Peer 1: 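Submitted below is the structure of interest, expressed as structure tokens.
Residue numbers start from 1 in every chain, and the chains themselves are labelled A, B, ... in the order their sequence lines are given, proteins ahead of strands. Quick caveat: nothing in here was measured; it's all calculated off a predicted structure.
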Amino acid sequence: MTGQASLARRLSAWFGRHGRDLPWREHRTPYSVWVSEIMLQQTTAAAVRGRYEAFLERFPDLVALARASEEEVLSEVAGLGYYRRFRAMKKAAEQLVGGGRDDLPGTREELMELPGIGFYTSGAICSLAFSQPVPAVDGNVERVLGRLHAMAERVSSRRGLRAFEDRVLELMEHGEPSTITEALFDLGATVCLPRSPRCDACPLQGSCVARQQGRIDEFPTPKVATTMVDRVVVVGHLGSRRGTLFWRRPDDASRMPGFWELPECWADGFDDGVAKLVALVEKRLGARIALDEVTEMNQARHTITRHRLDCRLISLGTSTACRDEDGVLWVRDPSEIPGPVSTITKKLWRRPAAAGEA
DNA sequence: AAGACGTGGTC
DNA sequence: TGACCAAGTCT
């Protein structure tokens, strides 16, 4: 009651003075909120800053997004990671426009029926775009409220999420929903930091249970670290009169579906990877590749989720006769590719080592 | 409910 | 360097 009202008031006042100035807060429509929320999923504000405006310029509204090709959309966001979210967003736009709409629906239930929109994003759209009292519990909110109330649960469980949403709802009874949402984001991002929080700058310091108990570092309860796996990725450079071979990853690939890349093969060891890569390329192109001696052209490190990758670019020589088929392209430079290009391929290509000639 | 999915930045 | 983190969703 008065406790919650006081928290909401302090939070709102703090936000008025210390809230961040961000591009996606300038003019807000349901569509622009949606776009920014998708881009910001598991992605730093710094990374999104450089991409948000270009995206909105290229796809200004729901109808433009629905009309665009998936290749165009992925090209616009290549490098941001977690590409399923953008494919889902594109599908959702098609569904909505195909159903005769020209903007997002205004209820959490309808929003959550759309691909790529879950509890968090539906709450963000409802509170930020429609000023509805619907919680949007992200990592910031989990940390701020987890410490404030010394909550042992995590939002990863259904019960945990419910508990956090209930706390946000209490605040929203005493404050403007969009202000509460953004204040919690910003407090988490600039004051209630994961490590070394700046508690002396916090408007809620007097009410923070974790702080009173000297247990700030115990909330949220740490996740179990996932163990990393080392793999080798052998990547092949195959030339012809028309340039270098690139191909398109299948639409049902678990990683980076629809992205263009130099042929690559994951393996436990280099030699193993080379053999697999040669077999793969021969099979798909119907070509014959004779490697008497492997020449390494470039090398790079890359990480994909829990995989630590040692990426090696090797020369597969020059092909004379290759059949053309869908999803295969010969180009002089990756920039000529009419679609999104895999980051590994870009890393290996960008730094053609001294021996890049073959 | 745990694990997959990208990438870049920080301490 | 390595561990951890960033406005999550889906299976």
Peer 1: A:Leu80 CG to C:dA6 C1': how many Å, rounded?
Peer 2: 12 Å
Peer 1: Base, sugar-phosphate, or nothing for A:Arg20, non-hydrogen atoms under 4.0 angstrom?
Peer 2: base
Peer 1: Verify whether the ring centers belonging to A:Trp24 and A:Tyr52 lie closer than 6.0 Å.
Peer 2: yes
Peer 1: Can you figure out which of C:dA7, C:dT9, B:dG6 approaches the side chain of A:Arg84 most closely?
Peer 2: C:dT9
Peer 1: Please work out which residues in residues 150-163 of chain A have a non-hydrogen atom less than 4.0 Å from an atom of DNA chain C and list them by number.
Peer 2: none
Peer 1: Are the side chain of A:Arg85 and the backbone of A:Gln41 linked by a donor-acceptor contact shorter than 3.5 Å?
Peer 2: yes
Peer 1: Picking from B:dA4, C:dA6, B:dG6, which would you name as closest to the side chain of A:Pro194?
Peer 2: C:dA6
Peer 1: Is A:Arg147 salt-bridged to A:Glu142, going by a charged N under 4.0 Å from an acidic O?
Peer 2: no
Peer 1: Which value, rounded to the nearest 0.5 Å, describes the distance between A:Arg288 atom CZ and A:Ser319 atom OG?
Peer 2: 12.5 Å
Peer 1: Which is true for A:Leu184 with a 4.0 Å heavy-atom rule: it touches a base, it touches only sugar-phosphate, or it touches nothing?
Peer 2: nothing
Peer 1: Is there a side-chain contact between A:Phe55 and A:Leu65 in this structure, where contact means two heavy atoms from C-beta onward sitting under 4.5 Å apart?
Peer 2: yes
Peer 1: Please work out which residues in residues 110-129 of chain A have a non-hydrogen atom less than 4.0 Å from an atom of DNA chain C and list them by number.
Peer 2: A:Pro115, A:Gly116, A:Ile117, A:Gly118, A:Phe119, A:Tyr120, A:Thr121
Peer 1: Within a reach of under 6.0 Å around CZ of A:Arg162, are more than 12 heavy atoms found that belong to other residues, nucleotides or ligands?
Peer 2: no
Peer 1: Side-chain contact test, heavy atoms from C-beta onward, threshold under 4.5 Å: evaluate it for A:Glu261 versus A:Arg249 and give yes or no.
Peer 2: yes
Peer 1: Given A:Phe259 and A:Ile344, is the side chain to side chain contact (heavy atoms under 4.5 Å, CB included) satisfied, shown in steps?
Peer 2: CA-CA 11 Å; A:Phe259 275 63; A:Ile344 290 178; over 6 Å; no
Peer 1: Would you tabulate the nitrogen or oxygen pairs shorter than 3.5 Å linking the protein to nucleotides 8-11 of chain B?
Peer 2:
none

Peer 1: Over how many whole Å does the gap from A:Asp186 atom CG to C:dA6 atom P extend?
Peer 2: 14 Å
Peer 1: Assess whether side chain to side chain contact (heavy atoms under 4.5 Å, CB included) is satisfied between A:Val141 and A:Phe185, documenting all intermediate values.
Peer 2: CA-CA 6 Å; A:Val141 179; A:Phe185 291 168; 4.0 Å; yes
Peer 1: Roughly how many Å is it from CZ in A:Arg87 to P in B:dG6, rounded to a whole number?
Peer 2: 10 Å
Peer 1: For the residue pair A:Phe59 and A:Ala68, what are the closest heavy atoms and their distance?
Peer 2: CE2-CB, 3.4 Å
Peer 1: Sticking with atom P, work out how far C:dT1 lies from B:dG6, rounded to a whole angstrom.
Peer 2: 25 Å
Peer 1: Could you state the atom-to-atom distance from CD1 of A:Ile344 to C1' of B:dC5 in whole Å?
Peer 2: 14 Å
Peer 1: May I ask you to check whether A:Arg308 and A:Thr303 show a side-chain donor-acceptor distance below 3.5 Å?
Peer 2: no
Peer 1: Take the protein atom CG of A:Asp252 and the nucleotide atom C1' of C:dC10, then report the distance between them rounded to whole Å.
Peer 2: 16 Å
Peer 1: Using heavy atoms and a sub-4.0 Å distance, could you list which residues of residues 32-41 of chain A are near DNA chain C? By number, please.
Peer 2: A:Glu37, A:Leu40, A:Gln41
Peer 1: If we take the P atom in both B:dA2 and C:dA7, what is their distance in whole Å?
Peer 2: 22 Å
Peer 1: For the pair A:Lys347 and A:Glu264, find out whether any cationic side-chain nitrogen is under 4.0 Å from an anionic carboxylate oxygen.
Peer 2: no
Peer 1: Of the residues in residues 215-228 of chain A, which ones touch DNA chain C at a heavy-atom distance under 4.0 Å?
Peer 2: A:Ala225
Peer 1: Applying the salt bridge (charged side-chain N to carboxylate O under 4.0 Å, His left out) test to A:Arg231, which of A:Asp268, A:Asp310, A:Asp272 qualifies?
Peer 2: A:Asp268
Peer 1: Using a cut-off of less than 4.0 Å, is there contact between a side-chain N or O of A:Ser254 and OP1 or OP2 of B:dC5?
Peer 2: yes
Peer 1: What is the distance from CZ of A:Arg306 to P of C:dG2, rounded to the nearest Å?
Peer 2: 18 Å
Peer 1: In dot-bracket form, how is DNA chain C paired, counting a Watson-Crick or G-U wobble pair only if both its distances are under 3.5 Å and using | for bases paired to another strand?
Peer 2: ..||||.||||
Peer 1: Please tell me if the side chains of A:Cys126 and A:Leu111 come closer than 4.5 Å, counting only heavy atoms from C-beta onward.
Peer 2: yes
Peer 1: Any sub-3.5 Å donor-acceptor pair from A:Gln299's side-chain atoms to A:Leu348's backbone N or O?
Peer 2: no
Peer 1: Okay, side chain of A:Glu72, backbone of A:Ser69: is any donor-acceptor separation there less than 3.5 Å?
Peer 2: yes
Peer 1: Can you identify which nucleotide, out of C:dA7, B:dG6, C:dA6, has its nearest atom closest to the A:Ile304 side chain?
Peer 2: B:dG6
Peer 1: Evaluate whether atom CZ of A:Arg67 has more than 12 neighbouring non-hydrogen atoms of other residues, nucleotides or ligands under 6.0 angstrom away.
Peer 2: no
Peer 1: Please report, rounded to the nearest Å, how far the C1' atom of B:dG6 is from the CD atom of A:Gln42.
Peer 2: 10 Å
Peer 1: Check whether any side-chain N or O of A:Arg108 sits under 3.5 Å from a backbone N or O of A:Ile125 as a donor-acceptor pair, and report yes or no.
Peer 2: no
Peer 1: Taking the C1' atom of each, how far is B:dC11 from C:dA6, in whole Å?
Peer 2: 15 Å
Peer 1: Got A:Ile180 and A:His174 here, is their nearest side-chain heavy-atom distance under 4.5 Å?
Peer 2: no
Peer 1: Let me check something: do A:Met89 and A:Tyr82 share a hydrophobic cluster, defined by ILVMFWY side-chain heavy atoms less than 4.5 Å apart, either directly or through other members?
Peer 2: no
Peer 1: Strictly below 4.0 Å: does A:Tyr83 bring a side-chain N or O up to OP1 or OP2 of B:dT7?
Peer 2: yes
Peer 1: Could you give the CZ-to-P distance, from A:Phe86 to B:dT7, as a whole number of Å?
Peer 2: 11 Å
